[in-house]
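I'd like to ask you about the structure that follows.
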Amino acid sequence: MNNYRSHYCSQLNSDNLGENITLSGWVDTIRDHGNLIFVDLRDNYGVTQCVIDGTHKLFREFSKISNESVLKVTGQVVSRSNETINKNLNTGEIEVKIDNYELLSKSDVLPLPVNSDIEYGEEIRLKYRFLDLRRNKLHSNILLRNKIISDIRKKMNERDFIEFQTPILTSSSPEGARDYLVPSRIHQGKFYALPQAPQQFKQLLMIAGFDKYYQIAPCFRDEDSRADRSPGEFYQLDFEMSFVSQEDVFNAIEPVLFEVFDENKKNKDIKVSPYPFKRIPYNEAMERYGTDKPDLRNPLIIDDYTDIFKGSNFKIFSSQIEKGSVVKGIIVKQSGEKPRSFFDKLNSWARDEGAAGLGYISFTEENFKGPIAKNLNDEELKSFKLDDKDSIFFICDKLKEAQLFSGKVREKICNELNLLNKNSFEFCWIVDFPMYEIDEKTNKIQFSHNPFSMPQGEMEALKNTDPLDIKAYQYDIVCNGVELSSGAIRNHKPEIMYRAFDIAGYSKEDLEEKFSGMLNALKFGAPPHGGSAPGIDRIVMLLADEPNIREVIAFPMNQQAMDLMMDAPASIDKERLEELGIKLIDKN
RNA sequence: GCGGGAGUAGUUCAGCUGGUUAGAACGCUGCCCUGUCACGGCAGAGGCCGCGGGUUCGAAUCCCGUCUCUCGCGCCA
């Protein structure tokens, strides 16, 4: 291969017996037997055991080598005796008898061990990320990430999507998350913004006639982190298509996602839901799952039982219903014989969550039990249509609160009873998102998602429908309860855009000031177009089966949006600030 | 900004309702060891118990404040 190595540390086997070879890599482990030393040499590809004994002239010097030092080893490939073959290693049938070695780089005492998979605190792992990245788990996660991204590129290219790069230094957009800002030296007092997504650029590329766009796009949002949301930056498979309706977008991306998941899943037993993926209207998702990102691996379903309780003798619910509340219920199979403590525990959990409680009825051997049952008559009880050993849990509240809390109950019971089918990826589309919503603080109408989405019914709907009833051609793709992406058919008609923004309280002048580039482009012949942007990091996270997004990013920031290794953000010299015309103020 | 959890050796952790000299494992140093693969054995070094204050005869332990990490809420068109 070259002067440093003739083989990788994964390559040698009994076919190479007798060959003189050269390996380079890190010292994974040393086993010093006094007059015999074993060293496992590790590189990106694997591990090979090397051995040296006390008769060798370099033996004493060799015995001082520390873990994670970098060695070049030359020697002969020899077979291991039957008893000493290591079946856990690809190279376990052979070892390298060291003839000569060169210490290419010495390692100090390690702040965290590389050759073990035990969990370590994140602070130390982030500070010494290069060591953490040498460790098995992270190393293979990053290799998986590469595989996924290169698969995506291949599949998008095959489907005639064209890869673009769009500006990183661009302008701030008034809607959405906080922007990261970059001061301009030439235009003092003005700022670039890092793109939250290449939204406008990809639309402009459609207007420019490129037909199908994609990009593995970096997105920057100054928002607080979550386990599945890295602060600062993340990557999307951003794509957009011309002359398409919503179904065309779905048909284009479904096979890509299916294949990427099916080809990169951890083991063969995992099932990926086949396309076409389930389409669930937003309202139905809220009714049946209590969330707009349902985990379809969870078999529990929420139903409405308001009619049964309306006017019933169970006054707690019936009086609430008169005030406008609804009753949601979740039937749980095979839970009717659970001990009283099971139901009590859930009830006290519900109280901790701020609910009044969690009422239930259980049905075993033709008997209805539980605190609610005695308040209902036979007919009412039968209308729940319970099977033997079923129980049903009830949530009574105002519609939105009841939906959201039912969603939590659905998740909680699923966890308690271990109902989740862990061996599957269940995709669905959430469609028909409302175009507008009420801001609960200001009571004003605002866009509920992307303001550039096309309202269903177009101008006609904007003119003649209650804004809160208008749906948008706006959709999310959800997998296992994780929101992978948001997308839309865009509004490509300026007159509809003026009207849509007018409803949300933006004047024509506002719109022209904020989105002049975009609006201008729409006036010179814009094709109908739409797309979406699945999150790459979240896809890798699902496929690597990691609960935390930082485990699939090579150099993530911590929760406080700091890079502990590079020490970012950092203070800037006074001279540099002056050059930019920036003066710092002391907020304290 | 708010709430939960955590902070003890280089690292991961234990340390009870307050009570002698704060422990273990891994790592490190020295010695012994020719078939291990998380090698083994013996000995040793290593601690502002996050920081500040308080209660107490006595605080790693209880109380208050503060900082840091993490999970969640807010936020995320």
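This is a predicted model, so every value here is computed, not measured. First the proteins, then the strands, lettered A, B, ... as listed; each starts at 1.
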- Query: Got a sec, which pairs hit ring pair (Phe, Tyr, Trp, His ring centres under 6.0 Å) with one end in residues 57-88 of chain A, sequence neighbours left out?
  - Reply: A:Phe62-A:Tyr101
- Contacts of type salt bridge (Lys or Arg N to Asp or Glu O under 4.0 Å), residue A:Glu411, not counting sequence neighbours: none
- Task: Specify the separation, in whole Å, of atom CG of A:Asp292 and atom C1' of B:rC76.
- Result: 12 Å
- What residues form a salt bridge (Lys or Arg N to Asp or Glu O under 4.0 Å) with A:Lys508, not counting sequence neighbours? none
Show me the donor-acceptor pairs within less than 3.5 Å that the side chains of residues 84-95 of chain A make with the rest of the protein, sequence neighbours left out.
{"from": "A:Thr84", "atom 1": "OG1", "to": "A:Ser81", "atom 2": "N", "distance (Å)": "3.2"}
{"from": "A:Thr84", "atom 1": "OG1", "to": "A:Ser81", "atom 2": "O", "distance (Å)": "2.9"}
{"from": "A:Thr84", "atom 1": "OG1", "to": "A:Ser81", "atom 2": "OG", "distance (Å)": "3.1"}
{"from": "A:Asn86", "atom 1": "OD1", "to": "A:Asn88", "atom 2": "N", "distance (Å)": "2.8"}
{"from": "A:Thr91", "atom 1": "OG1", "to": "A:Val47", "atom 2": "O", "distance (Å)": "2.6"}
{"from": "A:Glu93", "atom 1": "OE1", "to": "A:Ser14", "atom 2": "OG", "distance (Å)": "3.1"}
{"from": "A:Glu95", "atom 1": "OE1", "to": "A:Gln49", "atom 2": "NE2", "distance (Å)": "2.9"}

- Query: Hey, what's the ring geometry for A:Phe515 with A:Phe452, parallel, tilted or perpendicular (30° and 60° as the breaks)?
  - Reply: perpendicular
- Task: For A:Phe433, check ring-ring contact (aromatic ring centres under 6.0 Å, His included) against everything at least two apart and list the hits.
- Result: A:Tyr282, A:His449
- Task: Spell out protein contact along nucleotides 69-75 of chain B as letters: B when the base is contacted, S when just the sugar-phosphate is, - when no protein heavy atom is under 4.0 Å; keep the 5' to 3' order.
- Result: SBBSBBB
- Pairs flagged by salt bridge (charged side-chain N to carboxylate O under 4.0 Å, His left out) wherever residues 43-64 of chain A is involved - sequence neighbours left out: A:Arg5-A:Asp43
- Could you give the distance separating B:rC76 and B:rG46 at their C1' atoms, to the nearest angstrom? 47 Å
- Across all chains, not counting sequence neighbours, the salt bridge (Lys or Arg N to Asp or Glu O under 4.0 Å) partners of A:Asp476 are none
- Task: Starting from P on B:rG27, measure out to CG on A:Leu131 and report it in whole angstrom.
- Result: 16 Å
- Query: Tell me, which of residues 487-497 of chain A have any heavy atom that sits under 4.0 Å from an atom in RNA chain B?
  - Reply: none
- Query: Would you call A:Glu68 and A:Arg134 a salt bridge, taking side-chain N to carboxylate O under 4.0 Å as the test?
  - Reply: yes
- Protein-nucleotide distance (A:Gln474, atom CD; B:rC76, atom C1'), rounded to Å: 14 Å
- Message: Expressed as a whole number of angstroms, how long is the span from A:Lys127:NZ to B:rU68:C1'?
- Response: 13 Å
- For A:Lys471, what residues pass the salt bridge (Lys or Arg N to Asp or Glu O under 4.0 Å) criterion, not counting sequence neighbours? none
For residues 70-77 of chain A, run the donor-acceptor check on the side chains, cut-off 3.5 Å, and write out each pair with its distance to 0.1 Å, sequence neighbours left out.
{"from": "A:Lys72", "atom 1": "NZ", "to": "A:Asn3", "atom 2": "O", "distance (Å)": "3.2"}
{"from": "A:Thr74", "atom 1": "OG1", "to": "A:Asn100", "atom 2": "O", "distance (Å)": "3.3"}
{"from": "A:Gln76", "atom 1": "NE2", "to": "A:Gly18", "atom 2": "O", "distance (Å)": "3.4"}

- Give the rounded distance in Å between these two atoms: CD of A:Glu119 and C1' of B:rC13. 13 Å
- Task: Indicate for each nucleotide in nucleotides 34-45 of chain B, in 5' to 3' sequence, whether protein heavy atoms under 4.0 Å reach the base (B), only the sugar-phosphate (S), or nothing (-).
- Result: BBBB-B------
- Take the protein atom CG of A:Leu110 and the nucleotide atom P of B:rC26, then report the distance between them rounded to whole Å. 16 Å
